[in-house]
Amino acid sequence: MLRPLRILLSPPKCPLTRCCSGYVSRMRFVNRLQEDDDACAAALQNGRIFLFHSLSPLLQRTNRGTFRTSALTASDLQPILKNLGSDGSLLKESVLIGCSEQNQAEFCLDVGQLDQAAVEEQCGGTFVDLRKAFFLLKGAEAPLVAKGQALLRWHQTNRFCSATGQPTQRNQAGSHRFCSSSSTTYYPQMSPVVIVLVSDGTRCLLGRQASFPRGLYSALAGFCNMGETLEEALRREVAEEVGLEVQNISYSSSQHWPFPHSSFMVACHASVSPTHSQVDVDHSELEEARWFSLDEITCALQVKAPPRRGDPPVIWLPPPHAVANRLITEWADLQRHGKDGP
Ligand SMILES: NC(=O)C1=CN([C@@H]2O[C@H](COP(=O)(O)OP(=O)(O)OC[C@H]3O[C@@H](n4cnc5c(N)ncnc54)[C@H](O)[C@@H]3O)[C@@H](O)[C@H]2O)C=CC1
Ligand SMILES: [Mg+2]
């Protein structure tokens with residue numbers, strides 16, 4: 001039986017208007033689209049589509065010289081795809097990434113099989129490598145493109161069942177893939193990573209890998225091993241990388257991190273006693289790790305852009321998009337203002 005079209009295109013109005021926020025209805029709408037292929041196909045016709053080319057997002061330069069994402073509607077995109085020689089089926093490869101506050105379903109689509117320059121010309125934008133795009137975009141746009149790219153990448157690398165080698169089929173939303181020969185459902189995966197800012201009470205510990213750009217230091221991080229709790233992973237990583245035993249672990253925040261693939265970063269603070277703070281760096285993992293005073297961190301937080309070639313050497317920190325920056329800023333605030341903040 002055909003479902004009424006009105007509930008397929010945007011979040012349904014909740015009958016309990018007083019108790020059910022717009023946020024709740026948007027989340028339920030997205031959940032419904034993940035489970036109902038027809039509803040998702042209908043929402044796609046009315047949704048916003050973010051284009052990628054070979055996993056690079058399409059950005060537009062604003063009059064002020066900044067960058068923003070550029071989304072098209074299905075009706076804008078269809079003729080463009082047709083002009084470039086693609087049949088209508090490409091649009092159906094779009095993957096659902098959420099629902100905007102304006103109640104429009106949001107999708108991403110990789111048009112890597114089309115000529116890049118021709119798509120850029122027709123859409124009035126530029127495909128920018130995600131590493132660059134992620135730091136050019138402001139606010140919620142950076143995590144949005146990171147999420148889109150992560151989902152598109154997952155689909156591109158999970159076309160076959162790892163048990164049978166048979167092709168897998170995606171649902172319309174792209175929230176899972178299914179192998180009919182083994183009846184296995186595959187869901188997009190992230191790798192859990194713990195990131196920790198260790199303090200000895202007056203200083204914090206930062207490290208750098210040999211591959212980091214010159215002068216960049218960050219909080220210690222590492223992938224969780226199978227079977228570990230977060231606390232175990234955190235204690236092990238710090239012990240392995242800098243030879244210290246931490247205590248007083250406290251949770252700060254988390255983020256999805258798209259580099260090199262999808263990591264789920266869980267950010268924590270931890271401490272060591274000042275009498276047991278001698279670092280013993282494992283040079284196979286880190287080029288250097290050392291303690292930084294509040295004054296050094298305050299200076300480093302003021303460096304707003306990576307130094308250019310020929311600039312004098314300077315210590316700088318991950319940018320505000322990175323949860324490492326948040327940990328370092330939280331630590332510095334706590335040092336300046338104590339537990340209760342400013
Ligand atoms: N968002 C942020 O603020 C920051 C994010 N990071 C991210 O944290 C991640 C982990 O940090 P690292 O110190 O490099 O980790 P790490 O200390 O665990 O060392 C990386 C090594 O772990 C092994 N490994 C184990 N499980 C792995 C998996 N699931 N995927 C890939 N490699 C795995 C590999 O041999 C790899 O070379 C990095 O991908 C980095 O991009 C790191 C610092 C700041
Ligand atoms: Mg590490």
Side-chain angles (χ1 to χ4, degrees), residues 55 129-137 139-147 149-150 153-154 157-158 162 186-199 204-244 246 249 251-270 279-290 292 297 300-301 303-304 306 315-332:
L55 299 177
D129 180 76
L130 188 75
R131 275 195 184 269
K132 200 169 162 205
F134 193 71
F135 296 105
L136 286 172
L137 292 170
E141 292 203 305
L144 187 80
V145 292
K147 176 178 180 175
Q149 197 225 39
R153 181 198 295 280
W154 181 79
T157 52
N158 285 272
S162 54
Y186 292 94
Y187 295 96
Q189 302 233 310
M190 299 184 285
S191 301
V193 173
V194 65
I195 176 162
V196 56
L197 190 65
V198 180
S199 170
C204 70
L205 184 61
L206 302 179
R208 49 172 281 111
Q209 295 180 8
S211 59
F212 282 12
R214 192 163 57 104
L216 174 67
Y217 284 79
S218 185
L220 305 181
F223 289 93
C224 296
N225 287 342
M226 187 67 83
E228 272 181 334
T229 65
L230 206 62
E231 293 80 358
E232 286 165 347
L234 188 156
R235 287 167 61 81
R236 175 185 54 74
E237 279 294 333
V238 177
E240 280 176 12
E241 295 191 352
V242 293
L244 293 174
V246 295
I249 298 169
Y251 170 76
S252 160
S253 47
S254 65
Q255 79 171 159
H256 170 250
W257 189 244
F259 314 114
H261 299 301
S262 296
S263 293
F264 178 58
M265 310 283 311
V266 183
C268 296
H269 292 276
V279 295
D280 169 18
V281 177
D282 176 350
H283 289 287
S284 66
E285 301 225 22
L286 293 177
E287 182 181 81
E288 190 196 347
R290 71 168 179 87
F292 287 76
I297 292 295
L301 282 171
V303 179
K304 294 297 176 211
I315 288 171
W316 56 292
L317 302 171
H321 284 44
V323 76
N325 183 290
R326 180 178 175 141
L327 280 175
I328 296 165
T329 305
E330 282 174 352
W331 177 83

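All of these numbers come straight from a predicted model, not from anything done at the bench. Numbering of ligands and ligand atoms starts at 1, following listing order. Counting begins at 1 with the first residue of the sequence.
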Which pairs of N or O atoms, one from ligand 1 and one from the protein, are separated by less than 3.5 Å, and what is the distance for each pair?
from: ligand 1; atom 1: 1 (N); to: Gln255; atom 2: OE1; distance (Å): 2.8
from: ligand 1; atom 1: 3 (O); to: Val323; atom 2: N; distance (Å): 3.3
from: ligand 1; atom 1: 3 (O); to: Ala324; atom 2: N; distance (Å): 2.9
from: ligand 1; atom 1: 13 (O); to: Gln209; atom 2: NE2; distance (Å): 3.0
from: ligand 1; atom 1: 13 (O); to: Ala221; atom 2: O; distance (Å): 3.0
from: ligand 1; atom 1: 14 (O); to: Gln209; atom 2: NE2; distance (Å): 3.3
from: ligand 1; atom 1: 17 (O); to: Ala221; atom 2: O; distance (Å): 3.1
from: ligand 1; atom 1: 17 (O); to: Glu237; atom 2: OE1; distance (Å): 3.4
from: ligand 1; atom 1: 17 (O); to: Glu241; atom 2: OE2; distance (Å): 2.8
from: ligand 1; atom 1: 17 (O); to: Glu285; atom 2: OE1; distance (Å): 3.4
from: ligand 1; atom 1: 18 (O); to: Phe223; atom 2: N; distance (Å): 3.0
from: ligand 1; atom 1: 29 (N); to: Ser191; atom 2: OG; distance (Å): 3.4
from: ligand 1; atom 1: 39 (O); to: Phe259; atom 2: O; distance (Å): 3.3
from: ligand 1; atom 1: 41 (O); to: Trp257; atom 2: NE1; distance (Å): 3.1
from: ligand 1; atom 1: 41 (O); to: Phe259; atom 2: O; distance (Å): 3.3

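Between the CE atom in Met265 and the CD1 atom in Ile195 there is a gap of 4.0 Å [rounded to 0.5 Å].
Listed by chain and number, the protein N, O or S atoms at a distance under 2.8 Å from the Mg ion (ligand 2) are Ala221 O, Glu241 OE2.
Annotation: side-chain hydrogen bond (donor to acceptor under 3.5 Å, both in side chains) contacts involving residues 319-330, sequence neighbours excluded, comprise Ser252-Glu330, Ser253-Arg326, His269-Glu330, Asn325-Thr329, Arg326-Glu330.
Under the 6.0 Å distance and 45° angle rule, Arg131 does not count as a cation-pi partner of Phe135.
The shortest heavy-atom contact between Trp331 and Cys204 is CZ2-N, 3.5 Å.
Side chains of Trp154 and Ser262: no donor on one and acceptor on the other come within 3.5 Å.
We find that Arg236 and Glu240 are joined by a salt bridge, their nearest charged nitrogen and carboxylate oxygen being less than 4.0 Å apart.
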For a quick test of your reading: what N or O donor-acceptor pairs under 3.5 Å do the side chains of residues 205-214 make, sequence neighbours left out?
from: Arg208; atom 1: NE; to: Glu287; atom 2: OE1; distance (Å): 2.8
from: Arg208; atom 1: NH1; to: Pro213; atom 2: O; distance (Å): 2.9
from: Arg208; atom 1: NH1; to: Leu216; atom 2: O; distance (Å): 3.1
from: Arg208; atom 1: NH2; to: Phe212; atom 2: O; distance (Å): 3.3
from: Arg208; atom 1: NH2; to: Glu287; atom 2: OE1; distance (Å): 3.3

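Tyr186 contributes a side-chain N or O that, together with a main-chain N or O of Ser162, makes up a donor-acceptor pair within less than 3.5 Å.
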Please lay out, stage by stage, how Leu317 and Leu301 fare under the test side chain to side chain contact (heavy atoms under 4.5 Å, CB included). CA-CA 7 Å; Leu317 302 171; Leu301 282 171; 3.7 Å; yes
